[in-house]
Amino acid sequence: MNYKLTIAEKIAKATELNIEDIQKLIEIPPKPEMGDFAFPCFQLAKTFRKAPNLIAQELAEKIDKQGLDRVETVGGYLNFFVDKASFSKNVIEKVLNEKDDYGKSEIGKGKNITIDFSSPNIAKPFHVGHLCSTSIGNSLYKILSSQGFNCIGINHLGDWGTQFGKLIAAYQRWVDEEALEKEPIKELLRIYVKFHDEAEKDPSLEDIARQHFKNLEDGNEFEVKLWQRIKDVSLMEFNRVYDMLNIKFDSFAGESFYNDKMDAVVEELKDKNLLVESKGAQVVNLDEYNMPPCIILKADGATIYATRDLAAAIYRKKTYDFYKNIYVVGMDQSLHFKQVFTTLKLMGYDWADDCVHIGFGLVKFADKKLSTRKGDVIFLEDLLNEGIARAKQAIEEKNPTLENKDEVAKKVGLGAVLFTYLKNNREREIIFNFDDILSFDGETGPYVQYSYARARSIMRRAEEIGFNVAPDYSKLNSQDEFELVKLLASFNDAILLAIEKYEPSVVTRYVIDVAKAFNKFYNLCPILSCEDEGLKAARLKLVEATTYVIKNGLALLGIDVVEKM
RNA sequence: GCGUCCGUAGCUCAGUUGGAUAGAGUAGCUGGCUACGAACCAGUUGGUCGGGGGUUCGAGUCCCUCCGGGCGCACCA
């Protein structure tokens with residue numbers, strides 16, 4: 001039962017206004033004592049030529065009060081108080097009926113959405129910055145899927161480009177095969193950094209690197225074999241992190257995949273008279289859109305990432321017939337995507353409007369920059385392991401008798417990291433600091449997981465006792481209980497808002513609110529020791545409903561719950 | 001210089017698309033475990049929402065301008 005809609009219907013009947021317009025105006029008052037829902041009458045003042053407070057008063061009299069406790073007016077606001085008993089009963093029973101499906105819907109049924117996320121560069125460290133795209137993309141995947149959209153997760157691996165020429169040149173000169181077997185990326189990073197150091201002294205190395213890449217493009221056996229080897233060992237490392245975070249992709253079509261699909265794009269651009277020469281390069285002019293040109297072929301005739309992104313977008317449209325084509329890539333590339341999307345539009349593809357770049361802020365250090373070339377990076381795996389280690393330590397301090405400590409530490413440690421990455425507005429940059437990212441107190445992943453564990457602990461006790469009395473929801477009327485019920489009711493609203501804004505943090509904030517409301521309720525309302533059996537049963541149902549909402553909410557963020565911690 | 005994102009409590013951040021007395025966490029101070037789990041809860045201190053103008057019933061939110069910062073602006077991705 002949707003109370004917002006019910007109230008909108010009542011107002012519509014009394015005013016002859018459009019239900020949808022009314023629904024948009026209905027809001028939740030800032031303080032619960034003001035009401036459960038509110039309708040501001042200020043905008044009606046002009047059409048009715050009356051003061052807002054008078055309109056509110058008249059409406060208050062005309063409104064059908066059925067299902068409502070009461071209606072009040074404060075200034076120009078019309079405040080609705082729902083009937084707590086029936087509201088609580090409806091909400092809690094709905095959650096307990098739907099269980100793991102609570103929050104889901106079918107609004108996206110039949111619509112495909114491609115999500116390009118994570119997309120690390122082969123042979124380069126998978127570092128703490130990559131978790132932005134990885135966590136946001138994975139969460140959007142889960143959030144959209146929960147509403148019935150058919151998502152295709154694409155890991156657009158950076159497995160092509162001039163840096164492979166450098167790597168091959170460096171490999172021939174300085175590689176330590178033993179180290180490459182043991183810690184491939186670290187060894188590849190070492191020789192990559194060394195290449196840049198040596199190239200400063202001897203610029204001819206750059207030419208050698210360019211030649212290696214040319215050979216690779218031409219399919220020369222030596223380069224191709226080495227490239228494949230580098231790709232294989234890199235993927236092994238990446239998969240270790242993906243396994244840890246339980247992230248799956250539907251496609252690993254990276255840059256090299258589009259190698260044979262770019263000529264067609266260049267031909268098409270030529271046919272459509274979009275390609276012009278500029279400073280030796282072949283570009284699409286975007287002057288009239290106030291943008292620098294989109295480079296298609298470099299002066300040396302080689303393709304560039306814009307060419308690949310054009311080929312990839314066209315391929316994705318053909319293959320998946322997407323409803324939306326999402327790129328979860330840093331904000332520093334927003335101009336690039338604007339150029340690519342505009343070029344697609346110029347090619348006559350109206351679906352260019354369905355392509356969206358979901359940008360995010362970068363991870364930085366307080367004092368220096370992350371730089372692959374200089375080797376100043378923190379590996380993502382190291383951050384995750386540090387989180388797990390700290391969670392383990394917390395368990396040893398707080399709950400030393402816990403049985404499966406390692407498994408719990410893993411879920412709590414990873415939860416803390418993911419939660420931090422998904423907590424704030426994605427466009428905000430993250431200043432890297434172990435203590436901030438791995439905090440366990442206050443509005444954090446472990447706080448929410450802890451709330452869940454507490455709730456589950458009560459449920460286990462109730463089952464042991466075999467308590468089974470019919471709940472009396474009419475007794476569930478303290479403010480703390482009702483606030484929690486109202487929050488549980490708004491789960492789907494939070495998900496829809498998150499989709500509208502492509503913003504997982506909406507869900508993160510929502511689960512924090514649920515955990516807070518639960519802990520407050522938990523501290524103030526006795527549950528198992530409640531003497532009134534009907535109320536005790538109702539409170540138990542509320543606890544159980546809360547466990548599903550927290551579990552489902554965290555799942556949308558890619559975070560697991562734990563029974564005990 | 002142009003484009004873009006941002007500036008809210010000591011610190012880290014929310015702010016439901018223009019609504020009611022601007023909210024959390026953290027840090028500081030105070031109180032609560034022989035208790036359904038203290039990784040918790042309650043109370044308290046802390047604000048010129050960067051400055052100034054404008055739009056209107058109403059602005060942290062929209063427009064203009066200035067100040068301060070991040071990122072981008074042709075052959076890297």
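In what follows, every chain begins at residue 1, and chains take the letters A, B, ... in the order their sequences are listed.
When the P atom is compared between rU16(B) and rC62(B), the two are found 10 Å apart, to the nearest whole Å. Rounded to the nearest Å, the gap between the C1' atom of rU8(B) and that of rU48(B) is 12 Å. Separating the P atom of rG10(B) from that of rG68(B) is a span of 22 Å, rounded to the nearest Å. Atom name C1', nucleotides rG46(B) and rA22(B): the rounded distance is 14 Å, in whole Å. Comparing rG58(B) with rG1(B), their C1' atoms sit 39 Å apart, to the nearest whole Å. With C1' as the reference atom, rG47(B) and rU4(B) are 29 Å apart, rounded to whole Å. Spacing of C1' atoms, rU21(B) relative to rG60(B), comes out at 15 Å, to the nearest Å. rA9(B) sits 16 Å from rG52(B) when the P atoms are compared, rounded to a whole Å.
Evaluation of the salt bridge (charged side-chain N to carboxylate O under 4.0 Å, His left out) rule for Lys486(A) yields Asp36(A), Glu483(A) as partners, not counting sequence neighbours.
Across all strands shown, rG43(B) pairs with rC29(B); the Watson-Crick or G-U wobble distances both stay below 3.5 Å. Nucleotide rG1(B) has rC73(B) as its partner under the Watson-Crick or G-U criteria, with both atom distances under 3.5 Å. If you check rU34(B) for Watson-Crick or wobble pairing at under 3.5 angstrom, you find it has no partner at all. Taking a pair to require two hydrogen-bonding distances under 3.5 Å in either a Watson-Crick or a G-U wobble arrangement, rG7(B) pairs with rC67(B). The partner of rG23(B) is rC13(B), by the rule that a Watson-Crick or G-U pair needs both atom distances under 3.5 Å.
Ring geometry for Tyr3(A) against Phe37(A) counts as parallel: the plane angle stays under 30°, on a 0 to 90° scale with 60° as the upper cut. Aromatic ring orientation, Phe432(A) versus Phe434(A): perpendicular (interplanar angle above 60°, classes split at 30° and 60°). Using cut-offs of 30° and 60° for the angle between ring planes, the Tyr510(A) and Phe491(A) rings count as parallel.
Straight-line distance from the CD atom of Glu397(A) to the C1' atom of rA38(B): 14 Å, rounded to whole Å. Regarding Leu167(A), its CG atom lies at a distance of 14 Å from the C1' atom of rC76(B), rounded to whole Å.
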Inset, instruction - Determine, step by step, whether Phe238(A) and Phe126(A) satisfy the ring pair (Phe, Tyr, Trp, His ring centres under 6.0 Å) criterion, reporting the C-alpha distance in whole Å, the side-chain angles of both residues, the deciding distance to 0.1 Å, and the verdict. - result: CA-CA 7 Å; Phe238(A) 298 164; Phe126(A) 199 28; 5.1 Å; yes

Inset, instruction - Evaluate the criterion side-chain contact (heavy atoms from CB on, under 4.5 Å) for residue pair Thr343(A) and Leu286(A); output intermediate values, then yes/no. - result: CA-CA 8 Å; Thr343(A) 301; Leu286(A) 299 175; 4.3 Å; yes

Report each atom pair, protein N/O against N/O of nucleotides 20-24 of chain B, whose distance is under 3.5 angstrom.
unit_1, atom_1, unit_2, atom_2, d
rA20(B), N6, Asn79(A), OD1, 3.3
rA20(B), N1, Asn79(A), OD1, 3.2
rA20(B), N1, Asn79(A), ND2, 3.2
rA24(B), O2', Glu443(A), OE2, 2.0
rA24(B), O2', Lys516(A), NZ, 2.5

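Remark: Lys261(A) qualifies as a cation-pi partner of Phe257(A) under the 6.0 Å distance and 45° angle criteria applied to the six-membered ring.
Ile304(A) comes within contact range of the sugar-phosphate backbone alone, with a heavy-atom separation under 4.0 Å but no base atom that close. In this structure, Asp300(A) reaches neither bases nor backbone, as no heavy-atom distance under 4.0 Å exists between it and the strands shown. Across all strands, Cys525(A) comes closer than 4.0 Å to base atoms (heavy-atom distances). At the heavy-atom level, Gln163(A) lies nowhere under 4.0 Å from the strands shown. Lys279(A) comes within 4.0 angstrom of a nucleotide base, judged by non-hydrogen atoms across all strands. Looking at heavy-atom distances under 4.0 Å, Ser278(A) makes contact with a base. Across all strands, Gln333(A) comes closer than 4.0 Å to base atoms (heavy-atom distances). Within 4.0 Å of Ala302(A), counting heavy atoms only, lies no atom of the nucleic acid at all. Using a 4.0 Å heavy-atom distance criterion, Leu524(A) is classed as making no nucleic acid contact.
Panel note: side chain Asn155(A), backbone Phe252(A); no donor-acceptor pair is recorded below 3.5 Å.
Contact check on Glu72(A) versus Arg70(A) returns a salt bridge, with a Lys/Arg side-chain nitrogen under 4.0 Å from an Asp/Glu carboxylate oxygen.
Annotation: proximity of residues 456-469 of chain A to RNA chain B (heavy atom, distance under 4.0 Å) is found for Ser457(A), Ile458(A), Arg461(A), numbered in ascending order. Within residues 280-296 of chain A, the residues that have a heavy atom under 4.0 Å from RNA chain B are, in order of number, Ala281(A), Val283(A), Pro292(A), Pro293(A), Ile295(A). RNA chain B is contacted by Val412(A) of residues 401-416 of chain A, taking any non-hydrogen atom closer than 4.0 Å.
An OP1 or OP2 oxygen of rC41(B) is reached within less than 4.0 angstrom by a side-chain nitrogen or oxygen of Tyr447(A). The phosphate of rC36(B) (OP1 or OP2) has no side-chain N or O of Lys536(A) nearer than 4.0 angstrom.
Side-chain polar atoms of Asp159(A) and Ser256(A) form a donor-acceptor pair below 3.5 angstrom. Between Tyr447(A) and Asn519(A), the side chains place a donor N or O and an acceptor N or O closer than 3.5 Å (distance only, hydrogens not considered). In the model, Arg308(A) has no side-chain atom that pairs as donor or acceptor with a side-chain atom of Asn259(A) under 3.5 Å.
Note on residues 428-441 of chain A: pairs passing side chain to side chain donor-acceptor pair (under 3.5 Å), not counting sequence neighbours, are Arg390(A)-Asp435(A).
Between Ser135(A) and Phe117(A) there is no side-chain heavy-atom pair separated by less than 4.5 Å.
Nearest-nucleotide positions on RNA chain B place Lys338(A) closer to the 5' end than the other of Ala299(A) and Lys338(A). The residue among Pro52(A) and Asp436(A) whose nearest nucleotide of RNA chain B lies closer to the 5′ end is Asp436(A).
Between Leu275(A) and the options Asn285(A), Val283(A), Leu269(A), a side chain to side chain contact (heavy atoms under 4.5 Å, CB included) holds for only Leu269(A).
More than 12 heavy-atom neighbours from other residues, nucleotides or ligands sit within 6.0 angstrom of CZ on Arg460(A).
Distance from the side chain of Asn399(A) is smallest for rG37(B) among the nucleotides rG72(B), rU17(B), rG37(B).
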